[in-house]
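Each chain gets a letter, A, B and so on, in the order the sequences are listed, and its residues count up from 1. Hydrogens, waters and symmetry mates are skipped; everything else that's a heavy atom, side chains included, is used.
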Protein chains: 2
Amino acid sequence: MNARRKFRREGEERRRQDLIEATLDSVAEYGLQGATLRTIALRAGVTAGLIRHYFPGKEELLQEAYTALVGRMTEQAKAALAMDGASPRQRLAAFVTANLNAPIVDARVFSLWATFLGRASADPTLARAHREGYLGFRNEVEAVVAEVLAAEQRKPDASQLRHHAIAINAIIDGLWIEGCLAGEMFSPGELAAIGINAVEAELGLAPLDQFQEK
Amino acid sequence: MNARRKFRREGEERRRQDLIEATLDSVAEYGLQGATLRTIALRAGVTAGLIRHYFPGKEELLQEAYTALVGRMTEQAKAALAMDGASPRQRLAAFVTANLNAPIVDARVFSLWATFLGRASADPTLARAHREGYLGFRNEVEAVVAEVLAAEQRKPDASQLRHHAIAINAIIDGLWIEGCLAGEMFSPGELAAIGINAVEAELGLAPLDQFQEK
DNA sequence: GGGCTACTTATACACTTGCACAACAAGGCC
DNA sequence: GGCCTTGTTGTGCAAGTGTATAAGTAGCCC
C-alpha cells in the first residue's frame, strides 16, 4: 500500500507548455484566487512540487502564461491579414471578421484577458506584455488602413492615419467584448457585419451596395 | 498595557459605505487575491471581525461592492445626457466626451472593472450586475441615436437603430479602454475627438466644418 | 449617573496557500 | 544489466485565510 505514484518524464518544453496551459485553464475557471499551485498541478497531471522545478515561483508562471496568451491572441488576429491576392479593402474586412468570430470571440479568452489586465495597473510586467501586444495590433491596423486609403487615391497625413487606427482598434475591441460577454444576444455574423460597417464608415468608404438606410 | 483599542460607533449606513469603499480600494490596488478581510478592515479603520457584523461573508461584500461600482459608473455616464436645451447631436457629443475623459477614464476604475468582469463568467451574480448595467447604457445610447436621426429627418428601422447603438457602444468602450490603459499616449481631448468623429461617421452625419481629410 | 444594547474588538481555529527539501524512480548511457 | 542523472513525488512548515465567538465598551435613554 501507500504506493508511490507512477509518472513519466516529459521533455522540458512539453512540460512547461502543459503547465502554462493548465495555468490558463485554472485562471479562466477559478480566477487568480482559485488558481493555486495544487489546482494547476492537478490539471496538468503532476504534483505541485514539480512546478518549482520549471518556474522560480508562482508569479513567474503567471507572467509566462499571460505572455503566451497575448502572443496567441495577436498572432491569430494578424494571421487574418495574410491573404495575398485580395484587395486592401477585402483584407481589412477579413481582419474585422476574423476578430469578431470564434475562436477570438470566446468567453474563456475574455475571462483571462480581463483577469490579467485587472492586475496590469499594479504589475509592470503584465502591463508591458499588454502594451506590446496592443501596439503591435494597432500598427497592423494602421498599415492596412494606409493601404485601403491609398487604393482610394487618398493621402491622409500621419495624424489622421493614427486616429483612424485608434478608432478602428476601439471598434474591434468594443465589439469583441460585447461578443464575448453576451454572444447569445447576437446572430452569427451580426457582430462582424456591424464591425465592417462601422470601420468603413470611419474611413469614409462608400457603401458597396445593399444595407443602406433609406 | 495591552490596552484595548479605542473606537467610535458609526451609523449603519456610514459603516457599510466605508467598508464597500475600502473593498473597492483594496481590490483596485491588490486585486481579488490581495483584498483580504484584514486588508479591507485596515483600510476602513476597523478590525476584521466587524465586517461579519455588516455582511454575511466576504462573497456578499464583494458583490455589493461591484454593484455599487457599476451603479456609479453608469450613473455618471448617463448624467452627461441630461443637458436639456441642447440639440440631440450636441447631447450625443457631450455624452461621448464625458465618457472619454476623467473621471470615467481612470486607471483605478478600469482595474476594478476588469478584475470583477474576469470573474463574471464563473459568477452569475456578477454577470447579472454587469449585464444590467450594460443594457441600461446601451438603451440610453439607442435613445439618443433615435433623437439625432429624427432631427436629421431619417427614419431608421429598429434593426438599424440597434446596430448603431451596438457600434457606438463599442466605440466608446474601446476608446475608454485605450484611455484607461494608456492615457499618457493621448493628448487631452484627443480621445473624445476621435470618439465623436467615429460616432458621427457611424451615423452618417455630415462633418460640421473643419477636420476633414483632403 | 447607572444600566442596556449592540457595535466593535480581540482571540481562537480549522483550513489553505506557496515554498522547501528529502526520498525516489524513469530512462538514457556504458 | 547496473549505474547515474535529474525529473518527479510526497511530506512538512510557517504564514495567511475566512469564519466563529467571547469579551469589552461607547453612546443613548431614563
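- When rounded to the nearest whole Å, the span between CZ of A/Arg8 and P of C/dG27 equals 7 Å.
- Counted by atom type alone, A/Glu12 and A/Tyr54 present zero donor-acceptor pairs between their side chains at under 3.5 Å.
- Under the 3.5 Å distance criterion, with hydrogens and angles disregarded, no donor-acceptor pair is assigned to the side chains of A/Glu64 and A/Thr67.
- For A/His164 and A/Glu142, the side-chain atoms include no donor-acceptor pair closer than 3.5 Å.
- Ranked by how close their nearest DNA chain D nucleotide is to the 5' end, B/Lys6 and B/Arg52 are led by B/Arg52.
- Looking at heavy-atom distances under 4.0 Å, A/Arg5 makes contact with sugar-phosphate atoms alone, never a base.
- Backbone-only engagement by A/Glu10 is indicated by non-hydrogen atom pairs under 4.0 Å involving sugar-phosphate atoms exclusively.
- For the 3.5 Å distance criterion, the side chains of B/Ser26 and B/Thr23 fail to qualify, holding no donor opposite an acceptor.
- What separates CZ of A/Arg4 from P of D/dT9 is a distance of 9 Å, to the nearest Å.
- In terms of phosphate contacts, A/Tyr54 brings no side-chain nitrogen or oxygen within less than 4.0 Å of OP1 or OP2 of D/dG7.
- Whole-Å rounding puts the A/Arg15 CZ to C/dA26 P distance at 13 Å.
- The distance between atom CD1 of A/Ile51 and atom P of D/dT9, rounded to the nearest whole Å, is 10 Å.
- Counting non-hydrogen atoms under 4.0 angstrom, B/Phe55 reaches nothing in the nucleic acid.
- Base engagement by B/Arg38 is indicated by at least one non-hydrogen atom pair under 4.0 Å involving a base atom.
- Across all strands shown, B/Thr47 has heavy atoms under 4.0 Å from base atoms, whether or not it also approaches the sugar-phosphate.
- For A/Ile40 and C/dT17, the CD1 to P distance is 11 Å, given to the nearest whole Å.
- Between A/Glu132 and A/Arg138, no side-chain nitrogen of the basic residue sits less than 4.0 Å from a carboxylate oxygen of the acidic one, so the salt-bridge criterion is not met.
- Remark: C1' of D/dT8 and CG of A/Asp18 are 14 Å apart, rounded to the nearest angstrom.
- Heavy atoms of B/Arg9 sit under 4.0 angstrom from at least one base atom.
- The distance between atom CG of B/Leu50 and atom C1' of C/dT11, rounded to the nearest whole Å, is 16 Å.
- Between A/His53 atom NE2 and C/dA26 atom C1' there is a gap of 13 Å when expressed in whole angstrom units.
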